[in-house]
Amino acid sequence: MKQIKLKGKDIFNGTHLLGPGKVLILTEDGVVTGIVAESDAGGDVRELDGILCPGFVNTHCHLELSHMKGVIPEKTGLPAFLTQVMQSRNQATGNYDAVIDKAEQEMWESGISAVGDICNSTATLVKKQQGRMYYHTFVECMGVAPAGANSRYQYSMDVLASFREINGSHHSCSIVPHAPYSVSNALFGLLAGTPHNAPVSIHNQETPAENELYQQKTGEFLSFYQHFGMDISGFQPTGTNSLEAYLPYFSRNKILLVHNTFTSEADIRFAQQQPVETWWCLCPQANLYIENRLPDIQQFRQQQCNITLGTDSLASNHHLSIWEEIKTIRQYFPEIPLEEILQWATFNGAKALGIQDTYGSFSTGSKPGVILINQESSRII
């Protein structure tokens, strides 16, 4: 079988920059066979102007909200943002499938190979059956009234069943809670008890109102519930931050905590003490779009957290590009080495989704896709 030999200014293998003078060797269908010194590579080496990198892993996306690009104003805060999403998400005009196709194409062209995608319906089912990219579908379940927990859970389990019918190694799925402020204790219990259901994902501490709700049952979410006629009489504040209240439910699982904009050092230490494999997904562009604030990323580094990257949706972002997320992090935290951020975007994301044998690195036998990075862009090769 013919070999493809690629040489860039450097090669990032998923965890390290290897330095110049190395050649990446792959089969014609993209399987990595090795990385060798240029002197050992032989002829037919294709030289490229940039860093060779495994395809990015976007661990948090909402592909089914792609029709909402530009609909919601920026910097409104999360409760107002959620209100507009709920009021506008079913008002799609034009060809809904074509919008999803375009959004996936944008991810592909920017170098994303695998996606952790949040779903509330089967709107992306046909797209995922096509198998162009790897998807882990997180079927999202929500409901604040304990009396409705069983029916909400069953609806989401029916959606999950549809996604489980996708054949092939390019897809997996699990049922997950939406967020601490939108899931009752009864529903948390049902979700946590679902067998063969990993990893779990949850929107975590994206707004200060979430912690205030759990500490005192006060704040912006009360008017949000009232606006939609939601009964939260059964909710009892725990006097703690939200993370401490719900994380113990998932002690037997792997969990991906998403956003973490208002997560404290004490929250991180609490999570690290729990018997659960915890991953922290950062979506900086969406954080700026919604709350005009970034998480304290240095805090997560100092506590040696497992970090991944996501894009969130086109309702809360101008692009579905992990490279744009990396550029934002480098703008606000220039002291963080590029090598470390690239690991968050590749190997860490793949490990969080449980697909590290195929994606996220240039290990022999993997098939992660290859992208070329320069100062301004990333693109698939």
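Heads up: numbering here begins at 1 and tracks the sequence. The model shown is predicted, which means the values in this text are computed figures rather than measured ones.
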Atom [atom1] of [X] with >12 non-hydrogen neighbours under 6.0 angstrom:
X	atom1	result
K102	NZ	no
Q304	CD	no
R379	CZ	no
Q226	CD	no
R46	CZ	no

- Message: Test of understanding: with side-chain hydrogen bond (donor to acceptor under 3.5 Å, both in side chains), list the residues that count as partners of T137, not counting sequence neighbours.
- Response: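 T137 satisfies side-chain hydrogen bond (donor to acceptor under 3.5 Å, both in side chains) with K128, H171 only.
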- Partner residues of E220 under the side-chain hydrogen bond (donor to acceptor under 3.5 Å, both in side chains) criterion, sequence neighbours left out: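 Listed in chain order: nothing, the list is empty.
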- Message: F81: which residues meet the ring pair (Phe, Tyr, Trp, His ring centres under 6.0 Å) condition with it, sequence neighbours left out?
- Response: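 Listed in chain order: nothing, the list is empty.
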Side-chain donor or acceptor of [X] paired with backbone N/O of [Y] under 3.5 Å:
X	Y	result
Q274	S251	no
S113	P368	yes
T124	K127	no
T358	I355	no
R152	M142	yes
N58	T311	yes
T59	L309	yes
D10	G19	yes
K367	D29	yes
Q303	E265	no

- Should V115 and L63 be marked as a side chain to side chain contact (heavy atoms under 4.5 Å, CB included) after you check the CA-CA gap, both sets of side-chain angles, and the distance that decides it? CA-CA 10 Å; V115 183; L63 195 59; over 6 Å; no
Do [X] and [Y] land in one hydrophobic cluster if side-chain heavy atoms of ILVMFWY residues count as linked below 4.5 Å?
X	Y	value
L342	I322	yes
I381	W108	no
L52	V23	no
L82	L65	yes
W323	I11	no

When rounded to the nearest 0.5 angstrom, what distance separates [atom1] in [X] from [atom2] in [Y]?
X	Y	atom1	atom2	result
Q130	L125	CD	CG	10.5 Å
I373	F56	CD1	CZ	4.0 Å
F250	L256	CZ	CG	12.5 Å

- Task: Starting from the C-alpha separation in whole Å, work towards a yes-or-no answer on side chain to side chain donor-acceptor pair (under 3.5 Å) for N317 and E325.
- Result: CA-CA 10 Å; N317 204 333; E325 304 296 330; 2.8 Å; yes
Side chains of residues 31-44: which donor-acceptor pairs under 3.5 Å do they make with residues two or more places apart or in other chains?
unit_1	atom_1	unit_2	atom_2	d
T33	OG1	I25	O	3.1

- Verify the ring-centre separation between H136 and F138: is it less than 6.0 angstrom?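 Yes; H136 has its ring centre under 6.0 Å from that of F138.
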- Do Y214 and F235 have ring centroids that are under 6.0 Å from one another?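 Yes.
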Which atom of [X] lies closest to which atom of [Y], heavy atoms considered:
X	Y	result
Y359	A350	O-CB, 3.3 Å
M230	M86	CE-CE, 3.7 Å
S316	D312	OG-OD2, 2.6 Å
T346	P54	CG2-O, 3.6 Å
C119	F163	SG-CZ, 3.9 Å
A271	T278	O-OG1, 4.3 Å

Which pairs of donor and acceptor atoms, one on a side chain in residues 193-205, lie under 3.5 Å apart (sequence neighbours left out)?
unit_1	atom_1	unit_2	atom_2	d
T194	OG1	Y153	OH	2.7
T194	OG1	L190	O	3.1
T194	OG1	L191	O	3.2
N197	OD1	I175	N	2.8
N197	ND2	I175	O	2.8
H203	ND1	H178	O	2.9
H203	NE2	H60	NE2	3.3
H203	NE2	H62	NE2	3.3
N204	OD1	Y246	OH	2.6
N204	ND2	N260	OD1	2.9
N204	ND2	T263	OG1	3.3
Q205	OE1	T263	OG1	2.6
Q205	NE2	N211	OD1	3.2
Q205	NE2	D267	OD2	2.9

If you measure only the distance, is there a donor-acceptor pair under 3.5 Å linking the side chains of [X] and [Y]?
X	Y	result
H227	Q87	yes
N13	T15	yes
Q302	Q298	no
E244	T238	no
Q154	N150	no
N185	Q236	no

With side chains defined as the heavy atoms from C-beta onward, is the minimum distance between [X] and [Y] less than 4.5 Å?
X	Y	answer
H170	M133	no
L222	L213	yes
Y332	I297	no

- Item | Pair I72-S88, side chain to side chain contact (heavy atoms under 4.5 Å, CB included): steps then yes or no | CA-CA 9 Å; I72 302 176; S88 305; 5.6 Å; no
- Item | Trace of the side chain to side chain contact (heavy atoms under 4.5 Å, CB included) decision for S172 with Y134 | CA-CA 9 Å; S172 56; Y134 181 92; 2.6 Å; yes
- Task: Would you please test E291 and T207 for side chain to side chain donor-acceptor pair (under 3.5 Å) and show each step?
- Result: CA-CA 7 Å; E291 289 278 350; T207 173; 3.2 Å; yes
- Task: Name all residues meeting the salt bridge (charged side-chain N to carboxylate O under 4.0 Å, His left out) criterion together with E74; count only those two or more places apart in sequence or in a different chain, and write none if there are none.
- Result: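 Salt bridge (charged side-chain N to carboxylate O under 4.0 Å, His left out) check on E74 returns nothing, list empty.
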- Message: Please determine whether side chain to side chain contact (heavy atoms under 4.5 Å, CB included) holds for the pair I232 and Y181, giving the CA-CA distance in whole Å, both sets of side-chain angles, and the decisive distance to 0.1 Å.
- Response: CA-CA 10 Å; I232 62 155; Y181 54 79; over 6 Å; no
